[in-house]
Structure formats: structure tokens, C-alpha cells
Amino acid sequence: MSNPPVPAASGASSPWWADAVVYQIYPRSFADGNGDGMGDLRGVMDRLPYLEQLGVDAIWLSPFYQSPQADGGYDVADYRQVDLLFGSLADFDAMLQDAHRRGMKVIVDLVPNHTSDEHAWFQAALGALPGSPERDRYIFREGRDEVSGSGDGKRAPNNWKSVFGGPAWSRVTEADGSPGQWYLHLFDTRQPDLNWENPDVQEEMRAVLRFWLDRGADGFRVDVAHGLVKEAGLPDWEGVAAMVEGTAGPRPDGHLPGDAPGAHTDAEEPHRAVSPMYPPSPFFDQDGVHDIYRDWHRVLDEYGGDRMMVAEAWVEPAERLARYVRPDEMQQAFNFDFLLAGWDAERMSEAIEASLAAAASVGAPSTWVLSNHDTVRHASRFGLKDPTTFPKGIAADDEQPDAALGLARARAATLVALALPGSAYIYQGEELGLPEHTTLPAEARQDPTFFRTRGAETGRDGCRVPLPWAEGQPGFGFSITHGGPAAEPWLPQPESFGPLAADQQDGEEGSTLELYRAAIRFRSARRLGLGSLEWTDEHAPDSGLLAFRNGDVLVVANMGFASAPVPEGYSVALSSGPEPAEDWAGMREVPVDCTVYLQPE
Ligand code: GLC
């Protein structure tokens, strides 16, 4: 298969995002600039030279807005304020200016599906009457009459479950103390869903876009982009049956720590959080979401044409995802099919082919992503017995990944991602080859999915551990203390982080950090992100070989069980394997679990 170069991405006039390498910063865990053990914007600014040296084109920051942090900041109490944990608006402005000075764009996270329960609007809704304009900004409903049982005669308005486990509805107490209406929260109890039919909501989010665009933000990563619009009438969802398998026993206190003050959850059994991809449901991927993105596209257009949005939309198949990146909607969408393919040549080549075709059908560039703050790090997933599995966190009593195998495969997969046409996303720490923290004690856990599933799901803390910058320092140098004491990092780091610290890899031939730097340089010099893919004769996914040409670069990834020959007339320009660079030219075989970039001799 050969895909034509993306129209918008060809030639000198292509927009910056078409082939950008974007580095995801999870601000809590990237770098701590004030010694309190929590990452912050000053820490980001301090480490911009590191990112510049890595060669990335842009940074995307997960939320740093005012928030009670019930979901790591994806519960926003004020969309226009920086949380004190992370600094101030002045810190943001300074960081953005410095990033721009260094040639890096800045993408901020927009969380439009829900607010925090501490947002002024939700507080006003709680204090207002059923049917009031305040309540209409959220999704409040009366309960259904109970079929059997005692209590106060009500059940949740429908059978939807929270993505984080447990029911998707909580009941409020009305001002007179009586049990009252229910509100929808597709995520935590403390993340009430907004009502996107309400004009206040629409206008407010336009204003929030303009607020950050005015400050110089280059784009938005749109959280739960597939979720904003719900099917009229909020019908029960048959697919809910698939979500209720694997219920776990209640925690000893029987309490959900994320519960909103004054809210009671439906007293049902806890449920496992749902799979990242959903069968058609009345709450995801409704056609109405696209009107919102067309509207926002026009807002971005007011700012001169190269601002962008990237959709976090866990939808399939690739054709459904492509609808989010039609010419008048968003510019990019995360390619989760690629992330979910795992270390498997057949699955990966199918994902590549389907996503390139779907993206090209709407004239958009594809994206390539292997890890993020919601998924087990790929260096650990690929070290599991089945490297295509997608566990929801790894705990000490689960199968433990083979670290060396996982890292070799992760490095190889990254070389595939960085050689494909389109834009690539890197999650902080993957350039150090960091594994998931698989032995975090339960007491340290913070992810609401762990609590809402009563521990049935380990959750996402293991991929959110503060980065190691310097071996031998407290917290592996996570806190930049300017001589003062450093608090413990907000999540404990595993011992295995020490030798992987940035200072141990900087300038070290063969280190993962140097491999990422070299691969990004190579990709940029050969303009691979603006190129096109053509499978070659060597491509044999059923025997574990993925092989494609992009320009005059031949990429061979060996996911099989035997080494593969380097084709005649080619020599190795870059290898993910451990061999020293001086041996590359003489390499005549691609070892198992290795990717090479080949060039004509
Ligand atoms: C997205 C975010 C995730 C968050 C959820 C609710 O999936 O990536 O971290 O928990 O939305 O906002």
C-alpha cells in the first residue's frame, strides 16, 4: 500500500502540527521547581533546554488549572486560573514565552465534558432548585421509581456506568434536606458532566478557548472529545452488561473517596471501569459533537490559521475517528488503534494502514502515540507475556513485565512511530525508557479508578510517577531545590529509576535518551513526518516483520522470532538495538525486537 502525501502537509507551506513531534508533560510529575514534591510550571520552564535538546516541536501540558485534584486536575474548578500547586498565570506566561523563544509550540489541555464539583457553576446548581437555569448547565434528572425495595422509592435515571467504575449518577441533597435529583458524571462523582445543549456552556467554552489563545497557546488537546453530546432522552445502554463483569468486593470502609460532598451514589455493586474503546453507546461519539468542533474551528481561525486542536476520542473504527479531523473540525486526533496494537507486526501494520487511509480520506495527517498518562507505559506493556495486552495498571501481585525485553521492544516501537508520516506524540519519561511503577503500595495510590473499582483496577498512578533527573539525589533530582530541602515526590519512585535518570543517559552512547534524540534528528532531517509510506517486499507481518519505505529511508522492525537480513544495497543508519553506532554500517541482520532505519549504500 502506498498513501499519497497528505495535501495539507506537503511542501514548505505545511502547518507546524502536520509533522510535529509533541512531548506530553504531566505537570504533577515532570519537574518540581519549588521543592514541595509536586511538579509545577517553574519546573517545566527550568527543563525547557532539555526538551529543546531532545528536538521536540511542541509541548502539550495536561491540566494545570485550579482544581481540587480529584482526578489529577482533569476536574477543573476554574478554567482561567493556574492552581496554586503549579504556580501562577505569570509562570505560565513566562514558560510559554521561553518555549516560543526556543522554537517550541505550546498546547494546553481543554476539559469540556465536565467540570469539578467545586466549579462555581456546580456549586450554584447545588444551591438552586430543580428546573432552574443553574441546574440546566449540568445534567440533572429525577430518579426513576423503584421497582422493588424500600428506601425512598427512587433509582438512578438510567443504567449508565462511570468510565471509572461504579454508577454514572449521584444524588444530591436538596436545600430542605430531602434526597433530591440525580446528576450525571461519566467519570468521577466529583466531575459532573456539562449540558452541551445549554448556550451558557457553549459560550463559556468559546471564551475559555479565546482566553488561552490570547495568552499565546498554539493549540488544545481536547479531553474526552467523543463525550460531550448525549443521546436525547438518555436511554438505557444495553452495552452496560459488558461493563459489569469482574466486580470486586467493597473496600473495608465501603466508601468511595471521590464522592462529592453532599452526594450519595446509587447503592449498587462497584464495577470495573469500561474498556477504552466502546461499542456504540448513547453517551459517546454522538453526531452532535461535530457541530461543537466546527464552531471551535471558527474560533481558532480568528487567530491566524495555525492554531490547532487534537482530539482525545476513544472511538473505532478509524473512519469514525477521521470524522473528528475533517477539514472544518479538529486538526489531529490521537491514534489509539496504534497504541492498542501492541508489539505485534500484524496488528501494528493493520493499525498503520487503516489510520493512514482514514486520515488521508479527510486530508488530515495521522498521529502516532504509544504511551500517555492514562495507559501502562509501553516499555512495560511490551515486556508482558502477551505484548498486545492492555492492562488497566499493573500491581505487585500481577504478572511482572520483563524489563529488559520490554525496553528493547519499546525502543524499537518508538523508531517505527517516529518514521511514519504524520505527527508523533511522546509521553514524558518514555525517552528515558521508564517502566511503569508496578509495585506502588495501595496507600500511595491516588487515581480515582482504583477507588471507584474498589481496587479491582490498579489504575494509572504507575505511569504518573515523578521523573528521575539525577541519580543519587533525593527523589532522583525531581525537585529543583535551589539549595533548600526537597519534599518527597508526591508518588514514590521505584529504585529502577536511578540508572535511568536523565543525567545517567545524557551523552551516553546507546542510552534511550540518545536514541530518541538521534531518531528525532533523523526524522526531521529526512522530513519523514511529511513523507509517505510504502510497504516493501520485506514486509511480512505474518512472520513478524514490518517493513516500509518513507522517502529513501527503509524501515525494518523485527517483531518475529528470528533475525532478518538487511536487504542488499542498504546499510543501517540508526538501530534501536544495543550495538554501538560504529557497528551499524557493518550490520547485515536485524535482530529480533529491534528496528533499524536503512539507507541506500
Ligand atoms: C481523559 C483524560 C483522563 C481523565 C479523563 C476524565 O481520558 O486523559 O486522564 O481522567 O479524561 O477527564
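Counting starts at 1 for both ligands and their atoms, following the listed order. Keep in mind that the numbers below use all heavy atoms, side chains included, and drop hydrogens, waters and symmetry copies.
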> Could you find the nearest protein heavy atom to atom 8 (O) of ligand 1 and give me its residue, atom name and distance?
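Of the protein heavy atoms, D374 OD2, 2.4 Å lies nearest.
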
> Using a strict cut-off of 4.0 Å, indicate which atoms of ligand 1 neighbour a heavy atom of H114.
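Those of ligand 1 that fall under 4.0 Å from H114 are 6 (C), 12 (O).
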
> Among protein heavy atoms, which sits nearest to atom 7 (O) of ligand 1, and what does the distance come to when rounded to 0.1 Å?
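Checking every protein heavy atom, the shortest distance to atom 7 (O) of ligand 1 gives E312 OE2, 2.7 Å.
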
> Would you say ligand 1 has an N or O under 3.5 Å from any N or O of R460?
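Yes, there is a polar N/O contact under 3.5 Å.
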
> Which salt bridge (charged side-chain N to carboxylate O under 4.0 Å, His left out) pairs, counting each pair once, include a residue from residues 212-227, with sequence neighbours left out?
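Output for this query lists D93-R215, D109-R221, R221-D223, R221-E312.
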
> Can you list the ligand 1 atoms lying under 4.0 Å from a non-hydrogen atom of F164?
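So the atoms of ligand 1 that pass are 10 (O).
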
> Specify the protein heavy atom at minimum distance from atom 4 (C) of ligand 1: its residue, its atom name, and the distance to 0.1 Å.
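Checking every protein heavy atom, the shortest distance to atom 4 (C) of ligand 1 gives D71 OD2, 3.3 Å.
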
> Quick check: are there more than 12 heavy atoms from other residues, nucleotides or ligands sitting under 6.0 Å from CD of E488?
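Incorrect, the count does not exceed 12.
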
> Under a plain distance cut-off of 3.5 Å, with no hydrogens placed, do H185 and S162 share a side-chain donor-acceptor pair?
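The criterion, which ignores hydrogens and geometry beyond distance, is not satisfied for H185 and S162.
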
> Nearest 0.5 Å, please: how far is CD in Q446 from CH2 in W490?
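Going from the CH2 atom of W490 to the CD atom of Q446 covers 5.0 Å.
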
> Quick one: does W314 get a heavy atom under 4.0 Å from ligand 1?
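Judged by the 4.0 Å heavy-atom criterion, W314 does not count as contacting ligand 1.
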
> Report the relative orientation of the aromatic rings in F92 and F64; use parallel for angles under 30°, tilted for 30 to 60°, perpendicular for over 60°.
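Parallel, since the angle between the ring planes stays under 30°.
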
> To check your reading of the model: name the closest protein heavy atom to atom 11 (O) of ligand 1, its residue, and the distance in Å.
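Ranked first by proximity to atom 11 (O) of ligand 1 is D223 OD1, 2.9 Å.
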
> Just by distance, with hydrogens left out, do S116 and Q191 show a side-chain donor and acceptor under 3.5 Å apart?
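There is no such pair between these side chains.
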
> Does one side chain, of N198 or D136, offer a donor that lies under 3.5 Å from an acceptor on the other?
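Yes.
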
> Taking heavy atoms and a distance under 4.0 Å, where does H226 meet ligand 1: side chain, backbone, both or neither?
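For H226, no heavy atom sits under 4.0 Å from ligand 1.
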
> Between R464 and ligand 1, find which residue part has any heavy-atom pair under 4.0 Å and reply side chain, backbone, both or neither.
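The part of R464 near ligand 1 is the side chain, not the backbone.
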
